[in-house]
Amino acid sequence: MTLQLTGIHHLTAITANAPENLRFYTQTLGLRLVKKTVNQDDTSAYHLFYADGEATPGSDLTFFDWPVGPERRGTHSIARTGLRVGSKESLSWWKERFDKLGVKAGEIAVVGGYDSLDFEDGEGQRFRLVNDGGATPSHPWEKSPVPAEHQIRGLGPITLSVPDITNTEAILLHVMNMRKVSDYASPDGVGHVHVFAMGEGGPAAELHVAVQPDLAVARQGAGAVHHVAFRVPDVAALHEWTERLKGFRMPSSGEVERYYFRSLYFREPNGILFEIATDTPGFAVDEPMETLGESLSLPPFLEPKRASIEAGLKPLV
């Protein structure tokens, strides 16, 4: 059986305003803060994880809190993040909510075969609500300000922008075992978008690659996406991917223990950072599911430094 990724695991972006980020993603978007921790490579910065009510793999939207200027948009980047909802009625509900709350949003339209609604957060990160038709399980958060039937169900599709697809496509097809399923004209009128699927496919397991050679190169900053992670079930599967990348002589980080999951990082040919991450053990490994995200969580190797780490963090509220 061909080694397969099973979908989008999480997406990590950058904020320069953690308190406002927390307010927007929990109060406006109605996501649950499931883990409040720090960047394991820079413990002066928060790493905030938002997800559905049960912190399901594939629903994690995460942020590094770094004091940086705004992103300069362009190619060589992850350009737009898909968030799935269960019906076209939900898109209408969200459009009305965004208009009421002053969130920058477009109109409901069909993009890549899905009913969709584009919007941005306050720092300009670009999102697309996508109707997945209820094709995936829903795990609502009971304390969300958003009614259960309209809550965000998870991530996907994710859209990359590259100037040339040739080498990226080779990696996606031949190294990462994705399959090309369709293409469509970019809704912003710039370039053409190629759709690649993993596992069982569908919006939770699609990567959309926009070919946009006339754009400048992006510069990461607040409102930008740092990397996207793809799902594998467990550490045994991750070991197989580690060996596969070695076989193709793809430079990588080697396996990294993130405590809540185990990861493998590498860059595709346009420099975009990819991660492969395990579904297990998950966010309830160090605190009860009922109280996820309510206090600062640190992996065991950082616990001895808790006092100094907490002293260096700014209050979120």
Side-chain angles (χ1 to χ4, degrees), residues 1-13 35 37 39-41 47 49 51 55-62 64 76-78 81-82 136 154-160 162 165-181 194-209 225-285 299 301:
M1 183 177 176
T2 304
L3 192 61
Q4 284 285 308
L5 302 165
T6 57
I8 308 298
H9 185 280
H10 69 267
L11 180 130
T12 296
K35 192 63 59 179
T37 186
N39 182 329
Q40 294 178 13
D41 304 313
H47 192 180
F49 290 76
T56 312
S59 70
D60 307 326
L61 182 60
T62 96
F64 295 142
H76 294 273
S77 69
I78 299 171
T81 301
T136 54
L155 288 162
I158 305 300
T159 302
L160 314 183
V162 301
I165 198 173
T166 308
N167 293 332
T168 298
E169 182 173 49
I171 296 297
L172 297 181
L173 294 178
H174 304 304
V175 178
M176 300 178 72
N177 284 336
M178 297 188 191
R179 58 193 183 277
K180 191 170 180 179
V181 293
H194 302 260
V195 178
F196 298 85
M198 301 161 264
E200 296 180 359
E206 284 182 0
L207 192 66
H208 293 200
V209 183
V225 174
H226 188 268
H227 66 269
V228 61
F230 305 100
R231 294 176 65 179
V232 294
D234 51 33
V235 171
L238 187 69
H239 291 340
E240 292 187 76
W241 281 101
T242 302
E243 292 305 310
R244 184 171 178 82
L245 291 188
K246 287 179 182 176
F248 279 94
R249 298 185 178 179
M250 287 276 295
S252 80
S253 63
E255 293 181 23
V256 180
E257 182 56 66
R258 295 303 191 193
Y259 190 48
Y260 308 112
F261 43 84
R262 193 170 177 87
S263 298
L264 174 68
Y265 299 86
F266 62 100
R267 293 187 185 273
E268 59 79 49
N270 286 283
I272 299 169
L273 184 60
F274 285 174
E275 175 183 354
I276 299 175
T278 61
D279 285 354
T280 54
F283 293 112
V285 68
F301 67 89

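In plain terms, the two heavy atoms of Val228 and Ile78 that are nearest each other are N-CD1, 3.6 Å. A pairwise comparison of heavy atoms in Ala277 and His10 identifies CB-CE1, 4.3 Å as the closest pair. Summarising the geometry of Arg262 relative to Glu257, their closest heavy-atom pair is NH1-OE1, 3.0 Å, with the distance given to 0.1 Å. Pairing each heavy atom of Pro57 with each of Asp279, the nearest pair is CB-OD1, 3.4 Å. When all heavy atoms of Tyr260 and Pro281 are compared, the pair lying nearest together is O-CD, 3.3 Å. Minimum heavy-atom separation, Gly7 to Met198: O-SD, 3.9 Å.
No donor-acceptor distance shorter than 3.5 angstrom exists from the side chain of Ser59 to the backbone of Ala55, with no hydrogens or angles considered. Looking at His208, its side chain never comes within 3.5 Å of a backbone N or O of Val195 through a donor-acceptor pair.
Test Leu173, Asn167, Ile171 against Glu169 for side-chain contact (heavy atoms from CB on, under 4.5 Å) and you get one pass: Leu173.
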Hey, mind stepping through Phe230 and His9 against ring-ring contact (aromatic ring centres under 6.0 Å, His included) and telling me if it holds? CA-CA 5 Å; Phe230 305 100; His9 185 280; 10.0 Å; no
Determine, step by step, whether Phe283 and Asp60 satisfy the side-chain contact (heavy atoms from CB on, under 4.5 Å) criterion, reporting the C-alpha distance in whole Å, the side-chain angles of both residues, the deciding distance to 0.1 Å, and the verdict. CA-CA 10 Å; Phe283 293 112; Asp60 307 326; 3.4 Å; yes
Are Ile158 and Thr81 close enough, and set up right, to give a side-chain contact (heavy atoms from CB on, under 4.5 Å), and what steps lead you there? CA-CA 5 Å; Ile158 305 300; Thr81 301; 3.9 Å; yes
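Taking OG of Ser252 as the start and OH of Tyr265 as the end, the distance is 11.5 Å to the nearest 0.5 Å. Taking CE from Met176 and OG1 from Thr168, the interatomic distance works out to 10.5 Å, rounded to the nearest 0.5 Å. Put simply, CG on Leu264 and CD on Glu275 are 8.5 Å apart, with the number rounded to the nearest 0.5 Å. Here the straight-line distance linking atom CG of Leu172 with atom CG of Asn177 works out to 10.5 Å at 0.5 Å rounding. For the atom pair CG (Leu5) and CZ (Phe274), the distance works out to 10.0 Å, reported to the nearest 0.5 Å. Here the CD1 atom belonging to Ile165 is positioned 9.0 Å from the CG atom belonging to Leu160, to the nearest 0.5 angstrom.
Side-chain atoms of Gln4 and Arg179, non-hydrogen and from C-beta on, do get closer than 4.5 Å to each other. The side-chain heavy atoms of Pro269 and Val162, taken from C-beta on, include no pair separated by under 4.5 Å. Contact of the Leu61 side chain with the Leu11 side chain is registered, since non-hydrogen atoms from C-beta on lie closer than 4.5 Å.
Using a 30° and 60° split on the angle between ring planes, Phe64 and His227 fall in the tilted class, from 30° to 60°.
Between the side chains of His47 and Gln40, no donor-acceptor pair is found at a separation under 3.5 Å.
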